[in-house]
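By convention in this document, chain letters (A, B, ...) are assigned in the order of the sequence lines, proteins followed by strands, and residues within each chain are numbered from 1.
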Amino acid sequence: MNTSLFSELNDRQRDAVTAVNGPVLVIAGAGSGKTRVLTERIAYLLREHHVSPREILAFTFTNKAAREMKERLERKTPGAAETMWVGTFHATGVRILRRHGDKIGIQRNFSIYDADDSLNLLKRILQRNAVAAYAVRSPRALRDKISRMKNGLVTPAIAQQQAAHDVDERIATLYAEYVKELERANALDFDDLIARVVELFSVCDEARVQYATRFRYVLVDEFQDTNAIQMAMIDHLSSVHHNLFVVGDDDQSIYSWRGARVEHILDFEDLYENTRVIRLEQNYRSTRTILNAANHVIAHNEGRKGKHLWTDGDVGEKIQLIAAHDEESEAVYVVQCVKRMCARGLSLKDIAILYRTNAQSRALEDVLVMSSLPYQIIGSVRFYERMEVRDILAWCKVLVNPNDTVNLRRAIHVPRRGIGKTSFEKLEEEAYQRGVSVIDVLRDGGAPVAGAPARRCAEFLKLYERLATVVANEVAPVVVERVVELTGYVKYLETNYPDGEGRVENVEEIISKASGFAEGADDPSLRGFLEEVALVADVDNLDLETGQLTLMTLHNAKGLEFDCVVVTGLEEGLFPHFNSFNDQRAIEEERRLFYVGITRARKHLVLTCVGMRRRQGQFEGGMPSRFLGELPDECLDRPQQPSVEVGVSGSRDLFGGAGTRVMRGTHDEYSQESPGDDQFSQEELSYRVGMRVRHDNFGAGVVRKVEGAGDQLRITVIFDLGSERKFLAQYAPMHPM
DNA sequence: TGGTAGAGGCTTTTT
DNA sequence: GCCTCTACCA
C-alpha cells in the first residue's frame with residue numbers, strides 16, 4: 001500500500017479512509033476533517049481497490065457540498081466524478097424516479113411541487129372538504145402534519161388505522177385526498193422524492209436489487225440529520241453489499257423538526273451488525289479558546305454520545321461579547337466589528353454573520369447598505385420564491401406536464417386574460433368528473449364555459465399549444481424566453497407593479513439562469529431545468545470567492561467555516577427560541593444549534609445580544625440567552641457597549657474613530673478569574689453574566705461578572721453610560737430587566 | 001372579472 | 001411590521 005497517500009491524515013482519519021468493507025460509523029466532531037475523510041476514502045477506493053466510480057453513491061446535505069466533493073475528486077482522479085452518483089437525497093431520488101418511477105405509476109414528466117405548490121393544492125382540498133377542514137388550524141399546519149407523516153413512513157392507510165380520534169381520522173382523509181390529487185396532477189412533493197423511492201424499492205424488488213447491486217459503496221455525510229424515510233432509502237440501497245459508510249456528529253443534529261432522528265447515529269451499531277466505529281476528535285479548524293467554549297456549551301446537553309474535541313493549535317483571541325441596546329445598534333456594532341476585522345487583514349469573504357431567524361437579517365441589511373459593504377444574504381427572500389419567478393416557472397411546469405393543475409391555475413391567471421375564478425373552477429370540475437386534465441377539457445372545446453370567457457379560453461389554449469411546440473423542440477433558455485415574450489409578461493409587470501423594474505430584472509435573471517444551466521447540462525431541456533430549479537437550496541448559491549460578507553441563518557451555516565463568525569441575537573426567546581421553552585429536547589437542539597454556530601469560527605468569534613428587539617411590530621425586552629451563561633469566563637472578552645446612539649441622521653460617521661476606540665480597550669483586568677468560581681452554580685442565581693439589569697442610580701447595564709454566593713454575592717456591571725461598578729447584590733438597588 | 005381596502009395571522013429553522 | 005386572504009365594489 002502506498003502510505004505516502006495518507007501522510008497528511010491522522011491515525012483515526014486513516015482508519016476511516018481505509019476501512020473498506022462492512023458498515024462504518026464515523027463520529028466526526030466539528031472541524032475534524034470529515035469532508036477530507038470522505039473524499040480521500042472515495043479516492044482510495046478508486047485507486048487502491050479498483051472500484052469503478054459508477055459503483056459509488058454518496059449522499060450530501062446540499063447540492064453545493066455535492067458539487068464541491070465532485071470537484072475535489074475530479075482533481076484527484078480525473079474522469080471519476082462523471083459516473084459517480086453524488087447528491088442530496090432529493091436529487092438522487094429524482095434520478096431514480098425518472099428512470100424507474102413508471103413501475104409505480106409515475107410518468108416521466110412529473111412535476112416537482114415545492115412547499116408553495118403543495119400549499120396551494122391543500123388549500124383547494126380544504127375548500128372541497130369543508131367538514132374535514134375543521135380538523136386543522138391552517139393549510140400550513142396540515143402540510144407540516146402530512147410532511148411529518150410521510151417522513152415517518154406513515155401512509156394514508158396507516159394514518160387511517162392509527163387514528164384515535166375524529167380529528168386524526170379527518171386528517172387522514174385529507175392526507176389521502178392530497179396523495180390522490182398529487183397523483184392526478186402527476187406531481188411529486190419534496191417528501192415524495194424520497195418516499196416514493198422507498199415505495200418503489202418495497203414494491204419492485206427488481207429495481208432495489210438493481211441499484212443495490214450497482215452501488216457497492218454507499219456513503220452518507222451529515223448522517224445525524226437523516227430522517228426515517230431517508231434511513232429506509234439508505235437501507236435499501238446498501239442491502240446487497242452492506243458497505244455503508246456514514247459520517248456524522250450527534251452534537252450537530254439540528255433538524256429534528258424535519259423528522260431527523262439522532263437515534264440513527266446513536267443506534268447505528270445495533271442496526272448494522274459488525275459496525276466499525278471510528279471517532280474523529282482532533283479539531284483542525286478553531287482556536288483553543290473557541291473550542292473550549294464549544295465544549296463547555298455542549299456539555300450542558302444530556303442526550304449525547306459524548307466526545308471531547310481537542311486541538312494542538314493556538315489559544316487565540318478571546319470571544320467578544322457585545323450587549324447592545326436594540327437591534328439597530330446591534331447591527332451598527334456588528335458592522336463596526338466587521339470593519340475592524342478587515343482593518344486587521346481579514347477579507348470580507350472570511351466573515352459570516354449568523355442568526356437564528358431570517359427576520360433578523362433586515363436590521364443588519366439596513367446598516368450594511370448605509371455602510372456600503374458588499375454582502376450576500378442566504379435564504380431570506382429566495383429567488384425562486386419571488387412572485388414573478390414563480391409565475392414564469394408555473395408556465396414552464398404546466399407546459400412540461402399538462403396535468404399540473406396547481407400551476408395551470410397560476411399560469412392561466414397571469415397575466416390577467418379575462419378568465420376568472422368561476423370559469424376556471426368550472427373547467428376544473430369538468431376535468432375532475434371526466435378524469436382528464438383541464439388542458440384536455442380546453443382542447444375538447446371547453447364545454448362548461450360559454451360566451452366571452454369561452455373565447456378567452458380558446459385564445460389561452462392557442463397560446464399554450466404554441467408554447468408546447470417550443471418546449472418540444474427547444475432548449476430551456478429558449479423556452480423561457482418565448483414564455484416571457486408570448487405571454488406579454490414584461491409589459492404586465494411594468495403596468496401593474498410600481499416596482500416593475502426590479503421584477504423585470506428577475507425575469508431576465510431566470511432566462512440567464514436557464515442559459516447557464518443549458519451550457520453545462522446533459523439534458524438541457526426545460527424539464528431538466530425545472531428539476532434543477534426545484535432542488536436548489538439557497539445556500540447552494542453561496543459564493544465564498546466573491547469577496548462579500550455573508551449573512552445567513554445558523555441552519556444554513558452547517559458544514560461551513562469562516563475566520564470570523566458573528567452570532568447575533570443571543571436572547572432568551574429568540575435563541576433559544578420561545579417555541580422550545582417547554583421541551584427539554586427542543587432546548588437541547590437549540591444548544592446544538594449554538595454549538596454549530598460557535599464551531600464555524602476559525603479564529604474570531606463575536607456574540608451579540610440586545611436589550612430590546614422589535615417582534616412583529618412590538619418592542620419586546622429580552623434577557624440575554626442562557627447560552628451566554630454557559631460559556632467559560634476565561635474565554636470571554638468584556639461586554640461592549642455601542643459608543644454612539646444610533647439614529648439615521650447620526651449614522652454617517654458611525655464607522656469612524658470614536659466607536660472603534662472604545663471597543664479596542666485592553667481587557668486583562670477582566671480576565672483574572674478566581675479559580676474557585678464555578679460558572680455552573682450561576683445557573684441557580686438570579687444574576688448571570690451577560691444579563692441586562694437596571695440600577696436605580698446608574699440606569700441600565702450588563703452583568704459582567706458574578707462572584708461569591710449568598711450575602712457575599714458580588715455583581716460587576718458595565719453601564720450603558722460607560723462606567724463599570726461592583727455591588728453587593730443584597731444591598732444594591734438593582735434588578736434584572 | 002378584477003382591483004382594492006382592511007382584517008387577520010404570522011416567523012424558528014429547510015431539502 | 002409585513003404579507004396574504006377575503007369581501008365588496010366598479
Find the distance [X]:[atom1] to [N]:[atom2] and express it as a whole number of Å.
X	N	atom1	atom2	result
A:Glu222	B:dT15	CD	P	13 Å
A:Asn579	B:dT11	CG	C1'	9 Å
A:Gln224	B:dT15	CD	C1'	15 Å
A:Leu427	B:dT1	CG	P	11 Å
A:Trp257	B:dT13	CH2	C1'	4 Å
A:Glu571	B:dT11	CD	C1'	15 Å
A:Glu327	C:dG1	CD	P	11 Å
A:Arg258	B:dT14	CZ	P	9 Å

Phosphate OP1/OP2 of B:dG9 contacted by A:Ser138 side-chain N/O (<4.0 Å):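 So the side-chain polar atoms of A:Ser138 never come under 4.0 Å of the phosphate oxygens OP1 or OP2 of B:dG9.
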A:Asn556 side chain N/O closer than 4.0 Å to the phosphate oxygens (OP1, OP2) of B:dT13? no
What's [X] touching, base or sugar-phosphate or nothing? Going by heavy atoms closer than 4.0 Å.
X	result
A:Thr422	sugar-phosphate
A:Phe578	nothing
A:Ile254	nothing
A:Thr62	nothing

Go through the structure and list residues passing side-chain contact (heavy atoms from CB on, under 4.5 Å) with A:Arg67, not counting sequence neighbours.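 Testing A:Arg67 for side-chain contact (heavy atoms from CB on, under 4.5 Å), a comparison that skips the adjacent residues, returns A:Lys64, A:Glu71.
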Results of side-chain contact (heavy atoms from CB on, under 4.5 Å) for A:Asp366 - residues two or more places apart only: A:Arg362
Would you please name every residue forming a side-chain hydrogen bond (donor to acceptor under 3.5 Å, both in side chains) with A:Asn109, sequence neighbours left out?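 A:Asn109 satisfies side-chain hydrogen bond (donor to acceptor under 3.5 Å, both in side chains) with A:Asn186 once adjacent residues are dropped.
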The contact string for nucleotides 2-10 of chain C, one letter per nucleotide 5' to 3', using protein heavy atoms under 4.0 Å with B, S and - for base, sugar-phosphate only and none, comes out as ---S-----
Sub-3.5 Å pairs of nitrogen or oxygen atoms, protein against nucleotides 6-8 of chain B:
none

Residues forming a ring-ring contact (aromatic ring centres under 6.0 Å, His included) with [X], sequence neighbours excluded:
X	value
A:Tyr175	none
A:Phe575	A:Phe594, A:Phe627
A:Tyr492	A:Tyr489

Select one nucleotide: of [options], the one nearest the side-chain heavy atoms of [X].
X	options	value
A:Thr553	B:dT14, B:dT11, B:dG3	B:dT14
A:Arg416	B:dG2, C:dG1, B:dT14	B:dG2
A:Phe190	B:dG3, B:dT1, B:dT15	B:dT15

A:Ser253 and A:Asp250: side-chain donor and acceptor closer than 3.5 Å?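 No donor-acceptor contact under 3.5 Å links the two side chains.
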Integer angstrom distance from the C1' of C:dT6 to that of B:dT11: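 It comes out at 22 Å once rounded to the nearest Å.
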Judged by nearest nucleotide, the residue sitting upstream toward the 5' end of DNA chain B, A:Thr357 or A:Asn63, is A:Thr357
Which is more 5' along DNA chain B, the nucleotide nearest A:Arg137 or the one nearest A:Asp144? Just name the residue. A:Arg137
Check the orientation of A:Tyr211 and A:Phe215. Use parallel for under 30°, tilted for 30 to 60°, and perpendicular for over 60°. parallel
Quick one: sort the A:Phe529 and A:Phe517 rings into parallel, tilted or perpendicular, breaks at 30° and 60°.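 Rings of A:Phe529 and A:Phe517: tilted, as their planes differ by 30° to 60°.
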Sequence neighbours excluded - salt bridge (Lys or Arg N to Asp or Glu O under 4.0 Å) pairs with any residue from residues 130-142 of chain A: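 Listed by first then second residue: nothing to list.
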